[in-house]
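Everything numeric here is computed off the predicted structure, so don't read it as measured data.
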2 protein chains.
Amino acid sequence: MDNVTIKDIAKALNLSTSTVSRALRGSYEINAETKRLVMEYAERLNYRPNPIALSLKENRSRAIGVIVPQIANYFFSQAINGIEAIAYNRGYHVIIFQTHESYEREVVNMQQAVSRRVDGLLISLSSETSDVTHLRELQDQGMPVVLFDRVSSELNATQVVADNFKGAFEATEHLIWSGRRRIAHLTIPPFLSITQERLAGYRAALEKHGIPYDENLIRYGTFGPDEVGPMVDDLLALEPRPDAFFTASDRLAAGCLGALQKRNLRIPEDIALIGFTNMNVAELLAPPMSTVVQPAQEIGQVAVERLIELIERKQKAAPPSVIKIPTTLIARESTRTVVK
Amino acid sequence: MDNVTIKDIAKALNLSTSTVSRALRGSYEINAETKRLVMEYAERLNYRPNPIALSLKENRSRAIGVIVPQIANYFFSQAINGIEAIAYNRGYHVIIFQTHESYEREVVNMQQAVSRRVDGLLISLSSETSDVTHLRELQDQGMPVVLFDRVSSELNATQVVADNFKGAFEATEHLIWSGRRRIAHLTIPPFLSITQERLAGYRAALEKHGIPYDENLIRYGTFGPDEVGPMVDDLLALEPRPDAFFTASDRLAAGCLGALQKRNLRIPEDIALIGFTNMNVAELLAPPMSTVVQPAQEIGQVAVERLIELIERKQKAAPPSVIKIPTTLIARESTRTVVK
DNA sequence: AACGTTATCGGGAACGTTGCCGATAGCGCA
DNA sequence: TGCGCTATCGGCAACGTTCCCGATAACGTT
């Protein structure tokens, strides 16, 4: 009852494998009657071409490797959702790898993806990754690579990101407009390009409104467990105390909110809070949290579209570029203007 | 600079492919010196065996197919997280398929997974799936299959689920203990086994406490968009009005919370709310939401462990069984006892 | 001296598919 | 009659790997 091969059909019908193969792909040089015979028999036996044999022959797998730090993360699961949907429609499968924020694991995953002969690679860098030579080598070997979200400017590859500068600029300006002037920024590791872009947006907004930039207000998380509490305490101890927190991720935003609640600080009266996030329950939090929404699914879709383009038109590929997907600011209770 | 094969090594070293192959796997019948030569050369050229060729030869792919309704969902992304982690350690890769709650898509995905020659299949049924003959046929063909979460009792396969009965029982009893007696249950489609189990737990708790079961209090969602609002309105119009909502999923719980807030109903004063969920921000909601926590990651881990066991010891496999992973009730503000 | 044993290696088939090159037969045409 | 053309099909190699079967030489044993 096992897998039917072209050979089985050939034997049963007293034909050669070549004939069967060509009949199945509707070649013009096969007699219509023979074609019908083969087709019917194949249908009856539920013949499915063996993609492994095809991969071996054509040296391609019709699979796309996706390397992300973590699947169980609002942003990445939404992005993968977008990726899978498009890939499916284009006849590609998606193989998932998690780095768990480990550089070493990222390299291993990359090698495994390569040895699996994926046709292309979609990657969002781990927070430990500061050196991208492994990816550069991969590119040099001709592997189509597209980065998304956690990208690196040191790589000459197509990159798809949210418009982090603009998003951060708007978030910061929104806080300023709502009366805050001492705005802390809790963010992710500094060598990630998205961190730098957001920081730049933050600084630009401060500058525009004549607020001096204070390095002490910036804190870099490391994705470690339970690190948000101490960071928050540290910031609250500053003189004068910050009157707003702008966080760079879901995890930091939620962590901040929890930490502030535990310390009995009122939001937005004592401290305003806005996050860079994809949480769809932001509105249901206490208080409803203002957010800069990253279009995670769209980022995934655009990234995989570009990748497939690279795969299928390898020669005359569009030159590498950075594609920015606009973010949306949603103001809620957590950044309400408070009259003192 | 492309992929080195065993043939390249053989040619360069003036050996046969057989010798190289055996040298690389450390066969005893190869001269130590030759072995060293081959190993060193392979190392230098960064030789990696082609897994596609291996797959073709061994008729296995070292890949596991995972079919879920949606990746961008707290439960499933956590489950996939657990799956990937274990699979990675056991040398398997994970290929993701989404059904988007479509039966048709589920069948197609299954066929694709088969034709990709996955070594085994992990599946959580779509909400449209009432007929499981496609899976039964798959099993009959000898494909190892493990179901998780959305399982079907009509299939003689290993199934890994949360202890839905006990979880629902505890949730309901918790509501009763906190003084509620008219408890509505918003749940998912009725032909899913988890729905039935939860409903049974709910009824058992009611019965234990002498509360009559009222069919009108049960509402079945269909995963459609914006369906929660009308369901809530409908329930609120009942006489007497329910004093508690027990929801069966993240989406329903969050939807309920939002709908109740919009209708200016106080939680827990007017209505208590408890969810079956995996949201890690439940504590940060307004009010902090009581939940029955499903161990999503553990469910994924156990499921993939069983699957790999099935794959690797196909003959003397453990008989199919239903594995229940315990849930945890976390009581928060949303179900606080209210003194009237 | 004849034979068996051991150590070491090569040849070739096989996994399933495709595609290049032929092979054959029928037919039209000069 | 002989040539070329077309329609239709088969043989074979190739993709990268493993493994069964031999092959060879050196050596020990009777």
Side-chain angles (χ1 to χ4, degrees), chain A residues 1-39 41-42 45-63 91 111-112 114-119 141-142, chain B residues 1-39 41-42 45-63 91 112 114-119 142:
Chain A
M1 203 35 49
D2 248 53
N3 298 307
V4 192
T5 78
I6 231 172
K7 224 179 269 183
D8 300 331
I9 304 181
K11 205 175 296 173
L13 264 48
N14 241 330
L15 292 169
S16 81
T17 57
S18 333
T19 305
V20 175
S21 171
R22 269 168 301 185
L24 287 173
R25 5 202 82 254
S27 164
Y28 68 98
E29 49 177 339
I30 299 296
N31 186 292
E33 174 62 14
T34 310
K35 240 187 255 186
R36 198 185 51 75
L37 232 72
V38 173
M39 299 274 209
Y41 192 78
L45 290 207
N46 200 27
Y47 166 78
R48 307 260 166 243
N50 185 328
I52 296 180
L54 281 181
S55 290
L56 182 60
K57 200 156 173 44
E58 299 174 4
N59 208 26
R60 66 182 312 211
S61 58
R62 289 212 154 264
Q111 288 170 345
Q112 295 209 327
V114 172
S115 86
R116 279 254 154 194
R117 299 296 188 277
V118 295
D119 294 343
Q141 287 170 25
Chain B
M1 200 42 42
D2 248 51
N3 298 308
V4 192
T5 78
I6 231 172
K7 225 178 269 183
D8 300 330
I9 303 180
K11 205 176 296 174
L13 264 46
N14 242 329
L15 292 170
S16 81
T17 58
S18 332
T19 306
V20 176
S21 171
R22 270 168 302 186
L24 288 173
R25 6 203 80 256
S27 163
Y28 69 97
E29 49 177 337
I30 298 296
N31 185 294
E33 175 65 13
T34 310
K35 239 185 254 185
R36 198 185 51 75
L37 232 72
V38 172
M39 298 275 208
Y41 191 78
L45 290 206
N46 200 26
Y47 165 78
R48 308 259 165 243
N50 185 326
I52 296 181
L54 282 179
S55 290
L56 182 60
K57 197 148 177 50
E58 299 174 4
N59 206 27
R60 65 183 312 208
S61 58
R62 289 213 154 263
Q112 295 209 326
V114 172
S115 87
R116 279 254 154 194
R117 300 293 190 276
V118 296
D119 293 343

Measure from [atom1] on [X] to [atom2] on [N] and round the result to the nearest Å.
{"X": "B:D8", "N": "D:dT17", "atom1": "CG", "atom2": "C1'", "result": "13 Å"}
{"X": "A:R60", "N": "D:dG16", "atom1": "CZ", "atom2": "P", "result": "16 Å"}
{"X": "B:I30", "N": "D:dT18", "atom1": "CD1", "atom2": "C1'", "result": "13 Å"}
{"X": "B:N50", "N": "C:dC15", "atom1": "CG", "atom2": "C1'", "result": "13 Å"}
{"X": "B:K35", "N": "C:dA7", "atom1": "NZ", "atom2": "P", "result": "12 Å"}
{"X": "B:Y47", "N": "D:dG16", "atom1": "OH", "atom2": "P", "result": "10 Å"}
{"X": "A:K11", "N": "C:dT17", "atom1": "NZ", "atom2": "P", "result": "13 Å"}
{"X": "B:L54", "N": "D:dT17", "atom1": "CG", "atom2": "C1'", "result": "6 Å"}

For [N], does OP1 or OP2 lie under 4.0 Å from any side-chain N or O of [X]?
{"X": "A:Y28", "N": "D:dC9", "answer": "no"}
{"X": "A:K7", "N": "C:dC15", "answer": "yes"}
{"X": "B:N59", "N": "C:dC15", "answer": "no"}
{"X": "A:S16", "N": "D:dG10", "answer": "yes"}
{"X": "B:T17", "N": "D:dG16", "answer": "no"}
{"X": "B:R25", "N": "D:dT18", "answer": "yes"}
{"X": "B:T34", "N": "C:dC9", "answer": "yes"}

Distance criterion of 3.5 Å, no angle test: do you see the side chain of [X] paired donor-to-acceptor with the base of [N]?
{"X": "B:R22", "N": "C:dG10", "answer": "yes"}
{"X": "A:E29", "N": "D:dC9", "answer": "yes"}
{"X": "B:S18", "N": "C:dG11", "answer": "yes"}

Worksheet entry | Upstream residue (5' side of DNA chain C) when B:T19 and B:R117 are each assigned their closest nucleotide |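 The residue mapped nearer the 5' terminus is B:T19.
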
When rounded to the nearest 0.5 angstrom, what is the spacing between [atom1] in [X] and [atom2] in [Y]?
{"X": "A:K35", "Y": "A:R25", "atom1": "NZ", "atom2": "CZ", "value": "12.5 Å"}
{"X": "B:T19", "Y": "B:L13", "atom1": "OG1", "atom2": "CG", "value": "10.5 Å"}
{"X": "A:T17", "Y": "A:L24", "atom1": "OG1", "atom2": "CG", "value": "11.0 Å"}
{"X": "A:I9", "Y": "A:L37", "atom1": "CD1", "atom2": "CG", "value": "11.0 Å"}
{"X": "B:L56", "Y": "B:N50", "atom1": "CG", "atom2": "CG", "value": "10.0 Å"}
{"X": "A:I52", "Y": "B:R60", "atom1": "CD1", "atom2": "CZ", "value": "11.0 Å"}

Discussion item. Checking contacts here: which listed nucleotide (C:dG10, D:dG16, D:dA14) is nearest the side-chain heavy atoms of A:L56?
Written reply: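 Of the candidates, D:dG16 comes closest.
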
Remember a base hit wins even if backbone is also touched, and classify [X] as base, sugar-phosphate or nothing at under 4.0 Å, heavy atoms.
{"X": "B:S55", "answer": "nothing"}
{"X": "B:N14", "answer": "sugar-phosphate"}
{"X": "A:T5", "answer": "sugar-phosphate"}
{"X": "B:L15", "answer": "sugar-phosphate"}

